[in-house]
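Data block below; observations after.
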Amino acid sequence: MTTFAEPGAAHDLDDAPTSHARLLAWVREVAELTQPDRIHWCDGSDEEWTALTDELVTAGTLTRLNPEKKPNSFWARTDPTDVARVEERTFICSVDEADAGPTNNWRDPNEMKAEMTELYRGSMRGRTMYVIPFCMGPLTAANPMFGVELTDSPYVTVSMRIMARMGAHVLEAMGDDADFVPCLHSVGAPLEPGRQDVPWPCNETKFITQFPEERMIWSYGSGYGGNSLLGKKCYSLRIASVMARDEGWLAEHMLILKLTAPHGTVHYIAAAFPSACGKTNLAMLEPTIPGWKVETLGDDIAWMRFGDDGRLYALNPEYGLFGVAPGTGQKTNPNAMRTIDRGNSVFTNVALTDDGDIWWEGMTEEPPAHLTDWRGQSWNPQSPDTSSHPNSRFCTPITQCPIIAPEYDDPRGVPISAILFGGRRATTIPLVTEARDWTHGVFMGATLSSETTAAAAGQVGVVRRDPMAMLPFIGYNGGDYFAHWIAMGKDADAIKLPKIFYVNWFRRDDDGGFLWPGFGENGRVLKWVVERMEGLAAATETPIGHVPTPESLDITGLDLTAEQLAKCLEVDPEEWRAEVPGIAEWFEKFGDDLPTLLWAELDGLKARLGM
Ligand code: GTP
Ligand code: MN
Ligand code: MN
């Protein structure tokens, strides 16, 4: 990077709590460019948290919740234009455009740097620049995955303290020369002298930019989590997926859970569903079937690499949960409710109750008689709009989850038995399908489709392909990504590879209702998955893979007619023949970069469908 010398902007770093030369040089360079009034090196202490949250309360960004309801917790409202990830403004700036592939926005890295440098010039004036040393995954790893975020947002700073291992101990572990991913973030709202601040500073112009070759992230203009907590999507998925390609591992948009069967056997399962399609729910599942137990390891991101024993091990690099709030309640996800009840959380764009607690649609059946909605307006059950934004979130420490698995902090991760892919489809896709083999499973993942949700800006409810639930997060060419997945399986011992399944909790009946009750009942599908792997459950071979026979799925005690069950499991050849052209069109986007094995899988599917 170039050095930006601005007259009068020299920042004294003599008191900096590190002698890491590359870090110091970068902090100085960014300070000279962005011109903050102060630089604060985050130590991650309770005192620091209290000072920052107090400051945010004074600024009007946060409201302290009633400590008897939610101790040490806060309600945040964003600017109404800054509520979700902005995929249109997200760029993979690889040197070669072909390396970004057809699924990413691309800009030349030098042009992008020049444009963003002008945006960053003076962008932190009047504000404090926070230096946040963090580590994705345990610090005890053989190669800890360090990052440092520079941000002018105290909201981002407190959120990063929840979402990642951060602070003085991380900086110390970095020593003088550890490698780290530089993550630069500015809300893009300099405070000129005399100008009154707003509760949620941001800028109409937004850029979420990854430089894959340099392993560097620049984010500008947005304070919303996925755009601003740079350890999460930007580092742990977009940049990490590139590292993973180069080094032979996988960085995936997956939950990790531990499933214990009544007879005591343990299976670890990873599952990729697109945003707002049920990862956090499944990760904290309370199975309704007796004797089955789920424990949580991660709800959003899995880094997976082969161990010396030939098995695929998964690790959650995060330290907190950033979960979709609406729909989370005692009935659907009691463990998430217990996690947030312990406090120490930030709730963004939900509603505030009159007694200083939070509420959102789906938390309880009946809404409170009066609320303050996410826009700060008085709300009652007759109000036309929802009280919470559909992409409102809870941000809470994962260590507070009452069913966290003790292995969550093991740097080796856990050996995965099964990988589930799933999306939100009203038709066509059965409740669960088992892939014939790894490559067929990669085909299922590569053709994964889902109806869009509020988690990203744009139209809701449109079917789009979302390969491995990674469409917005693959940091390189999607065709190369599929080839990497296939190669990972080819180089491995086939017996030890996880089995791959495709699930769909969202199929609808003719009246538009969900056919499958979902949530805690999804434990029945996990049971079938385990029994398939143990050779105990029957399946029907269909053109798309192995689907449960009606008898093989445990529906004891479930209010589901034989007809409804059949509809959940149905593979309608007519619907599938209609699905094929969309898959072919999707594959064509990747041109010569699409592995021929995936075309062969599609040919096989067509042949089985009589096409
Ligand atoms: P991100 O955190 O954005 O990556 O999404 P996620 O995959 O973690 O989504 P989450 O678990 O928060 O699911 C959000 C939405 O899915 C909510 O509206 C839930 O009510 C709904 N949902 C989750 N599980 C089920 C299910 O089994 N059946 C049905 N019908 N809805 C579900
Ligand atoms: Mn996610
Ligand atoms: Mn989630």
Side-chain angles (χ1 to χ4, degrees), residues 83-85 87 163 224-227 229 231-234 236-238 251-257 270-288 294 296 298-302 316-318 320-337 339-340 348 360-363 386 388-396 398 401 420-426 431-432 448 450-457 460-461 466 468-473 503-509 512-526 568:
V83 294
R85 287 183 293 99
E87 295 180 6
M163 293 307 298
Y224 172 78
N227 302 327
L229 312 181
K232 193 175 179 56
K233 304 302 192 184
C234 301
S236 292
L237 290 176
R238 297 196 190 97
E252 298 298 326
H253 191 203
M254 290 181 181
L255 67 92
I256 311 167
L257 65 81
F273 311 150
S275 292
C277 290
K279 287 183 301 299
T280 300
N281 277 88
L282 192 67
M284 297 189 201
L285 184 85
E286 276 200 347
T288 50
V294 166
T296 309
D299 81 320
D300 199 51
I301 299 177
N316 170 19
E318 299 192 281
L321 308 167
F322 189 69
V324 179
T328 307
Q330 261 342 310
K331 283 216 179 109
T332 57
N333 194 346
N335 287 314
M337 298 307 290
T339 308
I340 61 173
T348 302
W360 49 69
E361 278 66 26
M363 181 190 282
T386 58
S388 297
H389 187 275
N391 193 38
S392 54
R393 300 268 170 168
F394 55 82
C395 180
T396 194
I398 195 170
C401 178
L420 316 184
F421 292 119
R424 191 180 273 269
R425 287 292 304 269
L431 181 62
V432 55
L448 187 71
S450 196
E451 290 143 18
T452 50
T453 67
V460 170
D466 192 341
M468 283 80 172
M470 282 283 283
L471 182 68
F473 308 123
V503 300
N504 178 22
W505 319 137
F506 299 94
R507 204 164 183 176
R508 294 186 187 254
D509 58 24
F514 291 115
L515 274 162
W516 179 250
F519 303 104
E521 308 297 358
N522 294 334
R524 298 169 190 272
V525 174
L526 298 183
C568 286

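When a ligand or atom number is given, it counts from 1 through the structure's own listing order.
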Please confirm whether [X] approaches ligand 1 to less than 4.0 Å, judged on its heavy atoms.
X	value
Thr332	no
Cys277	yes
Arg424	yes
Gly362	no

By side chain to side chain donor-acceptor pair (under 3.5 Å), which residues pair with Gln330, not counting sequence neighbours?
->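 For Gln330 there are no side chain to side chain donor-acceptor pair (under 3.5 Å) partners, ignoring immediate neighbours.
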Quick one: list whatever passes side chain to side chain donor-acceptor pair (under 3.5 Å) with Arg424, sequence neighbours left out.
->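 In terms of side chain to side chain donor-acceptor pair (under 3.5 Å), with neighbours along the sequence ignored, Arg424 is linked to no residue.
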For the pair [X] (side chain) and [Y] (backbone), establish whether a donor and an acceptor sit closer than 3.5 Å, ignoring hydrogens and angles.
X	Y	answer
Trp360	Ser388	no
Asp466	Met470	yes
Asn227	Ala84	yes
Thr296	Ala283	yes
Lys279	Phe273	yes
Glu451	Ala426	yes
Thr332	Gly327	yes

N, O or S from Lys233 under 2.8 Å to the Mn ion (ligand 2) =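 Checking the Mn ion (ligand 2) against Lys233, an N, O or S atom does fall under 2.8 Å.
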Please round to the nearest 0.5 Å and tell me the distance separating atom CG of Leu229 and atom SG of Cys395.
->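 Taking CG in Leu229 and SG in Cys395, the distance rounds to 6.5 Å.
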Within reach of ligand 1, part of Leu255 (heavy-atom separation under 4.0 Å) |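 No part of Leu255 is near ligand 1 at this cut-off.
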Where on Leu282 is there a heavy atom closer than 4.0 Å to ligand 1, on the side chain, on the backbone, on both, or on neither?
->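 Leu282 to ligand 1: no contact under 4.0 Å from either part.
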Is the closest side-chain donor-acceptor distance between Asn522 and Trp516 under 3.5 Å?
->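 Indeed, the side chains of Asn522 and Trp516 share at least one donor-acceptor pair under 3.5 Å.
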Taking the minimum heavy-atom distance to [atom], which of [options] ranks first?
atom	options	value
atom 31 (N) of ligand 1	Trp505, Phe506, Phe514	Phe506
atom 3 (O) of ligand 1	Met284, Arg393, Glu521, Lys233	Arg393
atom 7 (O) of ligand 1	Lys232, Lys279, Arg85, Met254	Lys279

Distance below 2.8 Å from the Mn ion (ligand 3): protein N/O/S atoms =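 Near the Mn ion (ligand 3), the protein supplies Thr280 OG1.
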Atoms of ligand 1, numbered as shown, that sit under 4.0 Å from any heavy atom of Pro274 |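 That gives atoms 7 (O) of ligand 1.
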Hey, which atoms in ligand 1 end up nearer than 4.0 Å to a heavy atom of His253?
->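 Result: 4 (O).
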Is there at least one pair of N or O atoms, one from Ala276 and one from ligand 1, spaced under 3.5 Å apart?
->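 Right, the criterion is met.
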Report yes if Phe519 has an N/O atom closer than 3.5 Å to an N/O atom of ligand 1; otherwise report no.
->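 Yes; the residue has a nitrogen or oxygen that sits under 3.5 Å from a nitrogen or oxygen of the ligand.
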Identified side-chain contact (heavy atoms from CB on, under 4.5 Å) counterpart of Ile301 within the set Met254, Glu252, Lys232 |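 One option only clears the test, and that one is Lys232.
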With sequence neighbours excluded, residues passing salt bridge (Lys or Arg N to Asp or Glu O under 4.0 Å) with Arg524 =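 For Arg524 the salt bridge (Lys or Arg N to Asp or Glu O under 4.0 Å) partners, ignoring immediate neighbours, are Glu521, Asp554.
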